[in-house]
There are 2 protein chains.
Amino acid sequence: MYTINEVAELCDLSAHTIRYYDKEGLLPFITRTKNGNREFSEQSLELIRLICCLKNTGMPIKDIKQYIDLLMEGTHTSDVRRRVMVDHRKEVLRQMNELKKNLNLIDLKISHYDSKHTH
Amino acid sequence: MYTINEVAELCDLSAHTIRYYDKEGLLPFITRTKNGNREFSEQSLELIRLICCLKNTGMPIKDIKQYIDLLMEGTHTSDVRRRVMVDHRKEVLRQMNELKKNLNLIDLKISHYDSKHTH
DNA sequence: ATAGCGGTTAGAGTCAGGTCGAAGTCAGGA
DNA sequence: TCCTGACTTCGACCTGACTCTAACCGCTAT
């Protein structure tokens, strides 16, 4: 079991942010110690890593919450959850493509700077 | 010469957003018609595309403004501007790497859903 | 000449995603 | 017993990037 600060460290989040996620309903799976402190299992940690992955690829908190809600509902939602992931995968590919295009423009700009001393 | 709405269309921005960029000092290069309307040359359009590229790769408006300010100062700032671009290029590569990592996790998740009907 | 369209401004409002501070609880140590 | 430190809640606040509103101007077509 990990404390909030350990998880914060491991997932590169602040303890504040983890509490905020909890408040937003993203962490219904975490348990509490007898004195009310959040405690995180290895499995919770993995889920939080997944949440970070979705967040870092632009999924809004609300949509992540929906996914987690489906997860908590049990195995009979696995088809829907698979769909969510497949759709989101497409979105990530789109982002990578756009990033590549932008990288090309940046490279072009740099090569302009390299080719002529003036301008 | 293009009108604000034509540029909005061409650059996938709203006219609102273009005015906002102008207010933030990102578009000091645009001219006005005799009745005060913004008009955009081909060159302005190219610069706006560059601004969008920088914005879409996560450069804050403030930093973009600084770059544009350097640009307006003239050719003697080209070394600094090149530096900015090279540094930002690194940042874009970092983003692509992170995106790839996240894509791997998503793929892993999808393959879990594919391999077992339960969970 | 007037309606409509496309533009103008300043400034307020919105939204996501945190971030902070105050005030409180609890466990363990000097 | 009191202190320290780590946690708790709640609500206010902040930032970035828009987004919208209200009130206005000036050209053009009917």
Side-chain angles (χ1 to χ4, degrees), chain A residues 1-41 44-45 48-69 88 91 95 98 102, chain B residues 1-41 44-45 48-69 88 91 95 98 102:
Chain A
M1 287 294 183
Y2 302 94
T3 69
I4 195 167
N5 279 311
E6 283 163 355
V7 174
E9 175 78 13
L10 289 167
C11 297
D12 200 28
L13 296 168
S14 72
H16 270 308
T17 300
I18 294 172
R19 288 192 201 102
Y20 163 70
Y21 285 174
D22 193 15
K23 199 173 62 182
E24 295 301 306
L26 264 56
L27 315 176
F29 46 81
I30 61 170
T31 48
R32 299 287 184 134
T33 64
K34 58 189 178 319
N35 33 326
N37 294 2
R38 291 172 187 82
E39 56 177 4
F40 302 78
S41 67
S44 299
L45 196 63
I48 291 172
R49 282 196 225 275
L50 178 63
I51 288 169
C52 287
C53 165
L54 296 175
K55 181 206 65 172
N56 291 335
T57 50
M59 187 182 284
I61 300 283
K62 277 177 195 166
D63 294 7
I64 299 175
K65 175 172 163 37
Q66 275 185 24
Y67 177 83
I68 296 291
D69 286 349
H88 190 61
E91 165 59 18
Q95 286 178 35
E98 203 189 308
N102 287 327
Chain B
M1 286 294 184
Y2 302 94
T3 68
I4 195 168
N5 279 310
E6 285 165 354
V7 175
E9 175 77 12
L10 289 166
C11 297
D12 200 29
L13 294 168
S14 71
H16 271 311
T17 302
I18 294 172
R19 288 194 200 100
Y20 162 71
Y21 285 174
D22 193 17
K23 201 172 62 181
E24 295 301 306
L26 263 55
L27 314 177
F29 46 81
I30 62 169
T31 47
R32 299 288 184 133
T33 65
K34 60 188 178 319
N35 35 327
N37 293 4
R38 291 172 185 82
E39 57 176 5
F40 302 77
S41 67
S44 297
L45 197 63
I48 291 171
R49 282 196 224 275
L50 179 63
I51 287 169
C52 288
C53 164
L54 296 175
K55 181 206 66 173
N56 291 333
T57 49
M59 187 183 284
I61 300 284
K62 276 177 196 167
D63 294 7
I64 298 176
K65 176 171 164 37
Q66 275 185 24
Y67 177 83
I68 297 290
D69 287 348
H88 190 62
E91 166 59 19
Q95 286 177 35
E98 203 188 310
N102 287 327

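- Between A:T31 and A:E39, the side chains place a donor N or O and an acceptor N or O closer than 3.5 Å (distance only, hydrogens not considered).
- We find that CG of B:D12 is positioned 17 Å from P of D:dA17, with the value rounded to whole Å.
- Summarising the geometry, the separation between OH on A:Y20 and P on D:dC13 is reported as 18 Å, rounded to the nearest angstrom.
- Between the C1' atom of D:dC24 and the CG atom of B:N35 lies a distance of 14 Å, rounded to the nearest Å.
- The two residues B:L45 and B:L10 have their closest heavy-atom pair at CD2-CD1, 4.0 Å.
- Using a 4.0 Å heavy-atom cutoff across all strands shown, A:R38 reaches sugar-phosphate atoms only and no base atom.
- Within 4.0 Å (heavy atoms only), B:K23 reaches at least one base atom of the nucleic acid.
- Distances from the side chain of A:N37 to the nucleotides D:dG11, C:dG18, D:dT8 place D:dT8 closest.
- When heavy atoms are screened at a 4.0 angstrom cut-off, A:T3 is found touching the sugar-phosphate backbone but no base atom.
- Candidate nucleotides C:dT9, C:dG18, D:dA17 were compared by shortest atom distance to the side chain of A:I61, and C:dG18 ranks first.
- The B:T17 side chain lies nearest to D:dC18 when the options are C:dG17, D:dT8, D:dC18.
- Under a 3.5 Å cut-off, the side chain of A:D63 and the backbone N or O of A:M59 do not form any donor-acceptor pair.
- Taking atom CD on B:E24 and atom P on C:dG11, their separation rounds to 14 Å, with Å as the unit.
- Atom pair B:D22:CG and C:dA10:P shows a separation of 10 Å (rounding to whole Å applied).
- Checked against D:dC18, C:dA27, D:dG11, the side chain of B:K55 finds its nearest nucleotide in D:dC18.
- Listed for the A:T17 side chain is no donor-acceptor partner under 3.5 Å among the backbone atoms of A:L13.
- Closest to the side chain of B:H16, out of D:dT21, C:dG17, C:dT19, is D:dT21.
- The interatomic distance linking A:I18 (CD1) with C:dT19 (C1') rounds to 14 Å, in whole Å.
- Rounded to an integer number of Å, the gap from A:E6 CD to D:dA6 C1' is 12 Å.
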**Request:** Apply the test salt bridge (Lys or Arg N to Asp or Glu O under 4.0 Å) to residues B:D22 and B:R32: give CA-CA distance (whole Å), side-chain angles for both, the deciding distance (0.1 Å), then the verdict.
**Result:** CA-CA 12 Å; B:D22 193 17; B:R32 299 288 184 133; 3.6 Å; yes
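- Remark: A:Y21 is in phosphate contact with C:dG18, judged by side-chain N or O atoms under 4.0 Å from OP1 or OP2.
- Atom CD1 in B:I51 sits about 12 Å away from atom P in D:dC18, given to the nearest Å.
- The A:R19 side chain lies nearest to D:dT8 when the options are C:dT8, D:dT8, C:dG18.
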